[in-house]
Amino acid sequence: MGYIKLKVFSLCSQLKKFFLILILIFISPLRQLSLAESDFTEQQKKDISSLESRFFGLTYPADKPSSRISRIEELVFGHNNSQSTLPERLVKLNKATKVAQSSAPLPELPPDDEIANQQKEQISPKNNNQIAKAPNNTQNKQIISLNNLDDLSQEMLQIINQERSLRSLPNLNTDQIAYRTAYQQANYLIQTRQFSHYSLQNKNPDQRYTEQSGDGRIEELVEGFFASVNDKGIVIPIEINREIPHQLMDAILKVPDKADIIFNSLANGIGISFILAPDKSQLVVVAEISVDYGDLAILPPKASISEDIGVSGSLSRGYKFAWVGISKSDLDEEEKSETEASAYFAPIDQVIYLNKSGDRAKNIAKAGGAILAMVAAPFTYGASVLIANVLMQSIAQTYQSQDVEVRDGAKADMGGGNFNSSITLGEWGKGIYYITVWAIPPSEKKPVIISRRAVKVI
């Protein structure tokens, strides 16, 4: 009996030792990991923060170094290297990002708010180095400028023009400002792993185009794809070949909204940018299709409430001025992040400024105190005059389901080629105000938008 008790005691002692060894086995790596994370030098911590600022626009000092490094690895490499030690992983990241920088000699993208009165620049798609450097914005967000795949851009332009030719539409020519806008957005999307119409500080296409001193109207297409991943979680790099523009064109043709942008009969310019991620995990294509039939005054991207803005210019190619429209959207403080770009639409005009002098207006007709409209149109009169038949019908057709207030304040010469107007921004409070210039194409009666700019009122 005593022998049995001794045997049981000995067995219990052995089990305790066994469990103690197991605990030490499991705790030891965690302790080593904790020590490895706590032993990071100040320079290594600065390196991590620098990488986070570069790729995410902010840092994560409260997170563990392992989590911070994994987050950056997944962006740069498409996966994390958890099998290596943290210092080794940081060294690899530093080497990889330096390689990316050396392969992209361009300066960082001009940030958003400090390009107020920037003049138009002639930037060749073949020479991106002409893109100007601007100071950092207040949020210190930085984007590395990667090289544009010029051959693919040119191939895509040829394919688009071939498709337009089949539809008896004129060719599109390279628009330098549209190209710059496309190039900057493609770089931003690559480094945030998105397909979106919104950039730093949630700037939409109209805002970005206005900042680049664009004076026409642009529509934006965002295309591309992510690399596939095999069963082991390893990213299969994207292979660049001449079939890619054809594949993208096929994808565009399947979506009516996108096809309508490509085959806009009024469009005459385009800027296309193909950007490939350094690790070949994502390809982004941004195309800005422009309508530009005049030389219009540059508008500032920011203004104050109740500030007067002059909208004027000289139209070309037989276009005649119709009116200036204005609309507003609220400031969206929440960051817009998309994995696939949804359709982007600017708001419809709420007020229009006309030239209601001379043969463009008639005396008001009243019966029983009511204004007799010459066509059924759901809009409100802001002045005691009635617009002439043709222009009134155009307004009715344009704003079929939208109330629009008509105001005086836009003047044009007899030929309609030159115009000037003064509008007041901010009457509806802070927000993004959209200014549109409408003109009548040659041999037509219905006006179209030939310019749309966005001004942030704060």
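On a predicted model such as this, the values are computed, not experimentally measured, just so you know.
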Next on the checklist: For Lys203, is there an ion pair with Glu220 - N to carboxylate O distance below 4.0 angstrom?
Outcome noted: no
Next on the checklist: Distance alone, cut at 3.5 Å: any donor-acceptor contact between the side chains of Asp150 and Gln154?
Outcome noted: no
Checklist outcome for this item: Between Trp438 and Thr436 the two heavy atoms that sit nearest each other are NE1-OG1, 3.1 Å
Checklist outcome for this item: By side-chain hydrogen bond (donor to acceptor under 3.5 Å, both in side chains), Asp413 pairs with (sequence neighbours left out) Asn418
Checklist entry - Residues in side-chain hydrogen bond (donor to acceptor under 3.5 Å, both in side chains) with Asp63, at least two apart? => result Arg71
Item to check | Worked check of side chain to side chain contact (heavy atoms under 4.5 Å, CB included) between Arg193 and Phe226 | outcome: CA-CA 9 Å; Arg193 297 184 69 79; Phe226 291 106; 3.7 Å; yes
Item to check | Test side chain to side chain contact (heavy atoms under 4.5 Å, CB included) applied to Val286 and Leu221, step by step | outcome: CA-CA 6 Å; Val286 178; Leu221 290 177; over 6 Å; no
Checklist outcome for this item: The side-chain contact (heavy atoms from CB on, under 4.5 Å) partners of Ile240 (sequence neighbours excluded) come to Leu149, Leu152, Ile238, Ile244, Leu276, Leu283
Can you give the donor-acceptor pairs under 3.5 Å from side chains of residues 263-270 to other protein atoms, not counting sequence neighbours?
{"residue": "Asn264", "atom": "OD1", "partner": "Leu266", "partner atom": "N", "Å": "2.9"}
{"residue": "Asn268", "atom": "OD1", "partner": "Asp292", "partner atom": "N", "Å": "3.2"}
{"residue": "Asn268", "atom": "ND2", "partner": "Asp292", "partner atom": "O", "Å": "2.9"}

Checklist entry - Who passes salt bridge (Lys or Arg N to Asp or Glu O under 4.0 Å) against Glu163, sequence neighbours left out? => result Arg167
Item to check | Listed partners of Phe419 passing ring-ring contact (aromatic ring centres under 6.0 Å, His included), at least two apart | outcome: Phe321
Item to check | Residues forming a side-chain hydrogen bond (donor to acceptor under 3.5 Å, both in side chains) with Ser316, sequence neighbours excluded | outcome: none
Checklist entry - Residues in ring-ring contact (aromatic ring centres under 6.0 Å, His included) with Tyr433, at least two apart? => result Trp428
Checklist entry - Is there a donor-acceptor contact under 3.5 Å linking the side chains of Asp349 and Tyr434? => result no
Checklist entry - With distance as the sole criterion, is a donor-acceptor pair present between the side chains of Tyr293 and Arg317 under 3.5 Å? => result no
Checklist entry - Should Lys280 and Glu239 count as an ion pair when the cut-off is N to O under 4.0 Å? => result no
Next on the checklist: Test side chain to side chain contact (heavy atoms under 4.5 Å, CB included) on Ser273 and Arg180; report intermediate values, then the result.
Outcome noted: CA-CA 9 Å; Ser273 184; Arg180 178 174 181 149; over 6 Å; no
Checklist entry - Does the side chain of Asp215 pick up a donor-acceptor pair with the side chain of Tyr209 at under 3.5 Å? => result no
Item to check | Worked check of salt bridge (charged side-chain N to carboxylate O under 4.0 Å, His left out) between Lys302 and Glu307 | outcome: CA-CA 10 Å; Lys302 294 176 69 174; Glu307 182 174 341; over 6 Å; no
Checklist entry - When you check the side-chain N and O atoms of Asn187 and Ser145, is any donor under 3.5 Å from an acceptor? => result no
Item to check | Residues that Arg453 engages under salt bridge (Lys or Arg N to Asp or Glu O under 4.0 Å), provided they are two or more places apart | outcome: none
Next on the checklist: Quick check against the 3.5 Å criterion: does Gln191 have a side-chain atom that pairs as donor or acceptor with the backbone of Ile144?
Outcome noted: yes
Next on the checklist: Once salt bridge (Lys or Arg N to Asp or Glu O under 4.0 Å) is applied, do any residues pair with Glu288, and if so which ones, sequence neighbours excluded?
Outcome noted: Arg208
Next on the checklist: Could you walk me through whether Val437 and Ile449 satisfy the side chain to side chain contact (heavy atoms under 4.5 Å, CB included) test, starting with their C-alpha distance in whole Å, then the side-chain angles of each, then the deciding distance to 0.1 Å, before giving a yes or no?
Outcome noted: CA-CA 6 Å; Val437 176; Ile449 298 175; over 6 Å; no
Item to check | Set of side-chain hydrogen bond (donor to acceptor under 3.5 Å, both in side chains) partners for Ser153, sequence neighbours left out | outcome: Asn148
Next on the checklist: Nearest 0.5 Å, please: how far is CG in Asn81 from CZ in Arg89?
Outcome noted: 6.5 Å
Checklist entry - salt bridge (Lys or Arg N to Asp or Glu O under 4.0 Å) with Arg164: which residues, sequence neighbours excluded? => result none
Next on the checklist: Looking only at side-chain N and O atoms, does Asn161 offer a donor or acceptor that is under 3.5 Å from a partner on Gln158?
Outcome noted: no
